[in-house]
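First comes the structure, then the notes that go with it.
Values below: all heavy atoms of this structure, side chains included; hydrogens, waters and symmetry mates excluded. Worth saying up front: this structure is predicted, and the values here are computed from it rather than measured. In what follows, every chain begins at residue 1, and chains take the letters A, B, ... in the order their sequences are listed.
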2 protein chains.
Amino acid sequence: MPVSPPRPKGPPLNALRAFEAAIRLGGFAPAADELCVTPGAISQHIKALEDWAEAPLFERRSQGVVPTDFGLSLAAPFATAFDAIGEAVRHLRSGAEHQTIHIAALPSVAQLWLSPRLPMIRTALAGHRLSVTALETPPNLGRELFDISIFLDTPTGQPGETILAEDRIFPVCSPEIAARLKSPEDLLAETWLYDAVWPDDWDRWLAQAAPGLKKKPNGPHFSLYTVALEETKHSAGILIGHAALVDSALKSGDLVAPFGEQVATGKALTVTVAPHQKSSKAVRQVLAMLGN
Amino acid sequence: MPVSPPRPKGPPLNALRAFEAAIRLGGFAPAADELCVTPGAISQHIKALEDWAEAPLFERRSQGVVPTDFGLSLAAPFATAFDAIGEAVRHLRSGAEHQTIHIAALPSVAQLWLSPRLPMIRTALAGHRLSVTALETPPNLGRELFDISIFLDTPTGQPGETILAEDRIFPVCSPEIAARLKSPEDLLAETWLYDAVWPDDWDRWLAQAAPGLKKKPNGPHFSLYTVALEETKHSAGILIGHAALVDSALKSGDLVAPFGEQVATGKALTVTVAPHQKSSKAVRQVLAMLGN
DNA sequence: AATTTCGCCCTAGAAAATCTAAGGGTAGAA
DNA sequence: TTCTACCCTTAGATTTTCTAGGGCGAAATT
């Protein structure tokens with residue numbers, strides 16, 4: 001029997017991907033985030049790669065890592081390589097029997113803004129499947145398998161980005177509570193509700209709409225805006241509403257805005273199309289339906 | 001604490017590599033060979049990929065697999081992608097403190113032809129490391145991490161290929177046995193030794209040098225040509241020698257060629273440089289030293 | 001000055017991937 | 001027909017890969 005001596009192995013592919021993410025995002029923690037693993041996993045991958053290459057790729061500092069010159073010089077070829085992989089994977093996915101459009105959205109946006117619009121989209125796109133994933137942070141559309149992302153964030157101005165509406169905030173509460181509120185000063189006697197993602201909402205609104213008004217934050221914090229909103233409907237307190245998210249509750253009368261003053265946050269409800277999907281008919285159809 | 005819902009995962013990278021190899025080489029078995037795993041591993045990777053993509057990539061036939069049209073359409077993008085990965089990995093490897101030149105060679109070539117030339121190369125390339133790997137089949141230089149390959153095979157005419165010497169074969173034996181051999185007919189009384197890789201050597205030589213001479217193969221087979229040659233030196237029988245491989249044994253007088261007639265096999269001792277290394281100074285230096 | 005925060009490292013154990021070995025089926029050869 | 005040679009599949013074992021929990025050191029905050 002012929003002896004087949006072991007061929008020298010290339011580096012593990014997953015380690016390469018970890019490195020690519022780490023060098024692109026500038027740290028292990030964000031890379032771990034993108035790859036949905038713990039930073040420890042990234043750390044191990046990078047170490048394995050450094051052992052394989054016999055060259056240091058990152059310099060470990062106390063509060064993060066800094067790429068070595070050599071590591072930095074690898075950023076471009078690896079970015080190119082994984083772009084190519086992504087492209088190939090997209091081809092692969094395009095062969096599925098039912099095409100699926102993958103939408104990424106902030107949990108609150110998905111539930112409060114996107115959800116009411118989905119039935120319309122679903123019927124218009126018969127034959128396509130629709131997938132909505134709630135994400136805390138916007139995905140990298142060039143790398144990840146999403147076609148469309150919808151977030152309430154500061155616009156970045158990258159290509160494919162469309163601003164649907166400026167973000168404006170103002171207090172909202174149940175009609176019951178609203179009856180007690182004549183002027184902003186009356187707010188001091190009420191419970192204020194907070195969202196964990198936007199803890200500064202109250203400060204921002206007060207600063208512009210009622211300067212001088214101050215109150216120690218004492219109300220409950222909610223990790224999901226939807227839950228906070230639900231509590232607000234039940235008269236648990238007053239919440240700072242984001243125009244796009246409370247719109248339907250205002251229309252239905254479940255909530256009211258006791259004070260007219262709306263404050264712009266500099267953020268916007270932004271929809272972004274993945275670069276490779278700009279020409280897809282179905283995606284553009286979805287985009288058109290989101291735009292109104 | 002914020003909930004981070006699971007992002008839709010991309011396909012496993014290793015499965016992509018398995019697919020790329022399978023589609024390029026036209027079957028699971030050769031792909032398994034290139035990746036140094038069993039065909040079962042490839043089979044599983046492909047199945048995982050087909051499940052992920054929800055599309056069949058290969059049609060299973062009784063004696064092998066045939067790519068589907070869709071699978072075939074993915075060949076190009078995946079080839080491109082893994083070329084890019086290879087390129088990036090080469091960059092990565094170039095950062096090692098000690099540069100290493102990786103040579104792949106047929107085991108017999110490595111031991112009998114290359115080995116005597118290595119000291120010279122080693123001294124000329126101080127500061128470089130040299131790695132020699134014995135391989136039964138020539139590696140894909142575009143994909144694998146070898147810089148130079150040296151094989152005794154039919155020239156393919158691909159770029160980077162240099163023919164060092166035509167392959168010629170003829171019987172060799174110890175001087176002791178040679179004394180008994182006056183004419184080719186005397187061979188019939190002797191033990192014939194066979195190499196497992198080139199079992200047809202005897203037939204080929206006989207057909208041209210001594211037509212009509214026939215003998216039932218009865219001698220031992222050796223999986224390593226080097227072992228066969230060693231046995232030949234110990235008068236265990238007569239072996240068909242390949243010019244490039246028995247040269248030094250003939251020069252030293254350990255073996256002799258009892259009959260002058262040399263037969264060309266159509267093969268050649270061929271050295272091939274990896275496409276990406278053609279401009280490397282060290283590699284060209286090695287090449288020059290192999291050429292004489 | 002003390003404390004908190006942040007990001008990475010380390011290790012042991014757990015989870016998941018990946019592999020091998022044995023099995024089974026088909027085509028062509030004897 | 002039976003044998004042989006291929007090639008692919010499947011079940012179980014192995015190895016890789018990941019997570020959790022505990023630390024460390026420097027910068028930012030109190």
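- The CD atom of A:Gln44 sits 15 Å away from the P atom of C:dG13 (whole-angstrom rounding).
- Ion pairing of B:Glu20 with B:Arg143 is present here, as a side-chain N (NZ or NE/NH1/NH2) and a carboxylate O approach within less than 4.0 Å.
- Following rounding to the nearest Å, B:Glu50 (CD) and D:dC8 (P) show an atom-to-atom distance of 12 Å.
- When the C1' atom of C:dT18 is taken as reference, atom NE2 of B:His45 falls 6 Å away, rounded to whole Å.
- One interatomic measurement links the two molecules: CG of B:Leu57 to P of D:dC8, which rounds to 14 Å at whole-angstrom precision.
- The phosphate of D:dT9 (OP1 or OP2) has a side-chain N or O of B:Ser43 nearer than 4.0 angstrom.
- Listed by chain and residue number, A:Asp167, A:Ile169, A:Arg204, A:Lys267 satisfy the side chain to side chain contact (heavy atoms under 4.5 Å, CB included) test with A:Thr265 (two or more places apart in sequence, or in another chain).
- B:Ala41 comes within 4.0 angstrom of a nucleotide base, judged by non-hydrogen atoms across all strands.
- Base contact: B:Thr38 has a heavy atom under 4.0 Å from a base atom.
- Taking the charged nitrogens against the carboxylate oxygens, B:Asp147 and B:Arg93 do have a contact shorter than 4.0 Å, which makes a salt bridge.
- We find that CZ of A:Arg61 is positioned 13 Å from P of C:dC9, with the value rounded to whole Å.
- Residue order along DNA chain C, read from the 5' end via each residue's closest nucleotide, puts A:Val65 first among A:Asn14 and A:Val65.
- If you look at B:Phe222 and B:Tyr194, their ring centroids are not closer than 6.0 Å.
- Using a 4.0 Å heavy-atom criterion, one finds that B:Gly40 contacts the bases of the nucleic acid, with or without backbone contacts as well.
- What separates CZ of B:Arg17 from P of C:dT18 is a distance of 10 Å, to the nearest Å.
- With salt bridges taken as basic N to acidic carboxylate O contacts below 4.0 Å, one links B:Arg129 and A:Glu54.
- Residue whose closest nucleotide on DNA chain D sits further toward the 5' end, between B:Lys47 and A:Pro12: B:Lys47.
- Residue-to-nucleotide proximity on DNA chain D shows that, of A:Val37 and B:Pro30, the 5′-proximal contact is made by B:Pro30.
- In this structure, CZ of A:Phe28 is placed 10 Å from C1' of C:dC9, rounded to the nearest angstrom.
- For A:Leu35 and D:dC18, the CG to P distance is 9 Å, given to the nearest whole Å.
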